[in-house]
Visitor: 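Got a structure for you, written out below as structure tokens; questions coming shortly.
Residue indices begin at 1 and follow the sequence shown. In each ligand, atom 1 is the first atom listed, and ligand 1 is the first ligand listed.
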Amino acid sequence: MDTNDKHPHSSESPFEADVSRKVRTCVVGLGHWGPNLVRAIERHQRAEVVVAVDQSSERRALISQKIPNLPLEATFADCLEKHQFDAVFVAVPTELHYQIGMQVLQAGKHLFMEKPLAGNSQECRELCEEADRRKLQLMTGHIFMFNDGITTMKQIVKQGDLGNLFYLHSVRTNLGPLRTDVNAIWDLASHDISIFNYIFESLPMQVTCSAYSLLGRPMQDVAQGTLVYPNNRIAAFFVSWLDPQKKREITAVGDRKMLVFDDMKPERPLKIFDKGITVSKPTEYSDNFNNFRMSIRDGGCLEPETTTGEPLFNECCHFIDSVIAGTRPRTDGYNGFDVVRILEALTRSMSEGGRPVSLWHQESSATRRAS
Ligand SMILES: NC(=O)c1ccc[n+]([C@@H]2O[C@H](COP(=O)([O-])OP(=O)(O)OC[C@H]3O[C@@H](n4cnc5c(N)ncnc54)[C@H](O)[C@@H]3O)[C@@H](O)[C@H]2O)c1
């Protein structure tokens, strides 16, 4: 995706014409995540949070103690009526993403929506089309695309340091927090899917998934899935809300080297292992596998230096800079749409006992964006 892609219908950005003009923002949802967005937006020199919203009076009372000068409202409609702003960051439960996202776009405001973009692909498509129609920027909060460890991992893979990439796998576990609006696949694996698509630069053709409600709630707490990408490359995830250890790991296995990204070690998140197995064929024809020679290479391990900017700050800056420049965000609405299509296919596989579900007919986000 070209990050400097001008919006297909964009006119000159008013923020480029007037360099002293700040992007005035509104943050909707002040639960666990929303206050982090407020803090990150305020660090951008050309942005300010002019108002924030939460329907819960308890949350508003708590936030007014923590951030004393921030005007707070109970509904987004109140914000529209009483405040002037250009862009909105939304961090409410997923089931409300479409409803609030549509209100934001129809009010003519640029929209940053937390992941997953919406509760189903039809809603995602409508949000994308509405943003296009109104010439507004729409960004999905796929935060790992703004994590320096992941972007460095992508460079390492792309320049061929790992050789031919065989597979990716991820582990994303913790003890809670248990969500009630979506299951562990939609909450946690949405991160892994966005990373897999980014590293492989393609979309999966087939997925399988199994998930379990071990705590007896309607939402599955533990799940595993496999995604088959073009050229026989595979990615697998394991996610759980019911695990003694917080893990956020992605492993990439190539035919030359292997790499592990560990988000729990933000100072040095990457390790590159000079390890591999070479299988040499016997000089004469043989159908006995014992005659194949396997040499195991178990070389050293390198921990490359990575810049360690805060991913959330990088992500918020990217959206604000996109609004200022009138350019499409890297994780635009169609990028979020792709992830939701895959989540839907995984859900179908899960409900059909782990049956493989094909996605071969899927158009690429680049094609849809071009229209
Ligand atoms: N990128 C990340 O790493 C990351 C991390 C955590 C959460 N998230 C995402 O952020 C979103 C919110 O997650 P959370 O953990 O903060 O949830 P949360 O339940 O802690 O907070 C949601 C807040 O929204 C408020 N709310 C609900 N309906 C509202 C409405 N109609 N108008 C105004 N406020 C309303 C609730 O009162 C609550 O305070 C989710 O989409 C989640 O996936 C992303």
Side-chain angles (χ1 to χ4, degrees), residues 26-41 49 51-64 66-67 70-81 83 88-104 107 111-120 123-124 127 139-147 149-150 170 172 174 176-195 198 219 239 241 246 248 250 263-264 266 310-319 329-331 333 335-336 339-340 343:
C26 164
V27 175
V28 184
L30 296 168
H32 163 65
W33 199 242
N36 296 333
L37 288 170
V38 173
R39 181 181 46 76
I41 298 161
V49 182
V51 61
V53 196
D54 201 293
Q55 65 170 16
S56 151
S57 53
E58 268 175 48
R59 286 306 297 175
R60 292 199 305 278
L62 191 80
I63 298 300
S64 65
K66 289 191 173 172
I67 318 175
L70 178 62
L72 298 176
E73 301 290 352
T75 68
F76 181 61
D78 289 341
C79 287
L80 284 175
E81 215 178 280
H83 303 267
V88 181
F89 287 74
V90 179
V92 295
T94 304
E95 59 194 355
L96 296 170
H97 283 190
Y98 174 76
Q99 184 202 322
I100 294 185
M102 214 27 123
Q103 272 182 280
V104 169
L111 172 62
F112 172 98
M113 180 60 80
E114 263 308 333
K115 61 81 204 166
L117 177 57
N120 62 58
E123 292 179 351
C124 292
L127 289 172
M139 173 161 164
T140 315
H142 285 304
I143 193 166
F144 281 92
M145 304 307 94
F146 304 93
N147 181 306
I150 291 291
S170 65
R172 197 171 294 277
N174 199 6
L178 302 175
R179 286 197 176 276
T180 50
D181 58 327
V182 287
N183 63 18
I185 307 170
W186 283 69
D187 183 35
L188 301 177
S190 51
H191 288 305
D192 302 307
I193 296 164
S194 70
I195 296 169
Y198 173 63
M219 296 302 164
V239 293
W241 284 327
K246 181 166 183 174
R248 265 84 179 108
I250 308 277
D263 200 30
M264 301 312 292
E310 189 200 351
L312 181 61
F313 178 60
N314 295 345
E315 180 186 52
C316 290
C317 285
H318 183 73
F319 176 63
R330 274 169 56 206
T331 54
N335 184 280
V339 172
V340 168
L343 288 168

Visitor: Looking at every heavy atom in both Gly31 and Asp54, which two are closest together, and how far apart are they?
Guide: N-OD2, 3.8 Å
Visitor: Can a donor-acceptor pair be found, under 3.5 Å and without considering hydrogens, that links the side chain of Asn147 to the backbone of Pro311?
Guide: no
Visitor: Would His191 count as a contact residue for ligand 1, given that I'm defining contact as a non-hydrogen atom of the residue lying under 4.0 Å from a ligand atom?
Guide: yes
Visitor: Ring of Phe146, cation from Arg330 - is the NZ or CZ under 6.0 Å from the centre and inside 45° of the axis?
Guide: yes
Visitor: Out of all atoms in ligand 1, which are within 4.0 Å of some heavy atom of Gly29? Include the element for each.
Guide: 24 (O)
Visitor: What atoms of ligand 1 come within less than 4.0 Å of a heavy atom belonging to Arg59?
Guide: 39 (O)
Visitor: Provide, to 0.1 Å, the distance between atom 33 (C) of ligand 1 and the closest protein heavy atom, together with that atom's residue and name.
Guide: Gln55 N, 3.5 Å
Visitor: Is there a polar contact, in the sense of an N or O pair closer than 3.5 Å, between Glu114 and ligand 1?
Guide: yes
Visitor: Quick one: pull up CZ in Arg60 and CG in Leu30 and give me the separation to the nearest 0.5 Å.
Guide: 9.5 Å
Visitor: Taking only heavy atoms of Ile100 into account, list the atoms of ligand 1 that are under 4.0 Å away from them.
Guide: 30 (C), 31 (N)
Visitor: Among all the protein's non-hydrogen atoms, which is closest to atom 19 (O) of ligand 1, and how far away is it?
Guide: Pro93 CG, 4.5 Å
Visitor: Is a donor from one side chain sitting under 3.5 angstrom from an acceptor on the other, for Glu73 and His83?
Guide: yes
Visitor: Decide if the gap between the ring center of Tyr198 and the ring center of Phe144 is smaller than 6.0 angstrom.
Guide: no
Visitor: Nearest protein heavy-atom contact for atom 40 (C) of ligand 1: which residue, which atom, what distance?
Guide: Val92 O, 3.5 Å
Visitor: Spell out, as yes or no, whether a donor-acceptor pair under 3.5 Å connects the side chain of Asp192 to the backbone of Ser170.
Guide: no
Visitor: Any idea which protein heavy atom is nearest atom 4 (C) of ligand 1, and the distance to it?
Guide: Trp33 CE2, 3.5 Å
Visitor: Considering only heavy atoms, does His97 approach ligand 1 within less than 4.0 Å through its side chain, its backbone, both, or neither?
Guide: side chain
Visitor: Nearest protein heavy-atom contact for atom 36 (C) of ligand 1: which residue, which atom, what distance?
Guide: Asp54 OD1, 3.4 Å
Visitor: For atom 28 (N) of ligand 1, grab the closest protein heavy atom and report residue, atom and distance to one decimal in Å.
Guide: Leu96 CD1, 3.2 Å
Visitor: Which heavy atom of Leu343 sits nearest a heavy atom of Ser190, and at what distance?
Guide: CD1-CB, 4.1 Å
Visitor: For atom 21 (O) of ligand 1, what's the nearest protein heavy atom and its distance?
Guide: Gly31 CA, 3.2 Å
Visitor: If you have a sec, work out which protein heavy atom is nearest atom 17 (O) of ligand 1 and how many Å separate them, to one decimal?
Guide: Arg179 NH1, 3.7 Å
Visitor: Is it the case that the side chain of His97 and the backbone of Pro116 share a donor-acceptor pair, with hydrogens and angles ignored and the cut-off at 3.5 Å?
Guide: yes
Visitor: Give the atoms of ligand 1, by number and element, whose distance to some non-hydrogen atom of Ser56 is under 4.0 Å.
Guide: 37 (O)
Visitor: Heavy-atom distances under 4.0 Å decide this one: backbone, side chain, both or neither, for His32 against ligand 1?
Guide: both
Visitor: For salt bridge (Lys or Arg N to Asp or Glu O under 4.0 Å), just list the numbers for Asp263 and Arg172, CA-CA rounded to whole Å, side-chain angles, deciding distance to a tenth of an Å, and then say yes or no.
Guide: CA-CA 10 Å; Asp263 200 30; Arg172 197 171 294 277; 5.7 Å; no
Visitor: For ligand 1, note which part of Thr75 has a heavy atom under 4.0 Å away: side chain, backbone, both or neither.
Guide: neither
Visitor: Would Val90 count as a contact residue for ligand 1, given that I'm defining contact as a non-hydrogen atom of the residue lying under 4.0 Å from a ligand atom?
Guide: no
Visitor: Would you name the heavy atoms of Val27 and Val49 that are closest together and state the gap between them?
Guide: CG2-CG1, 4.1 Å
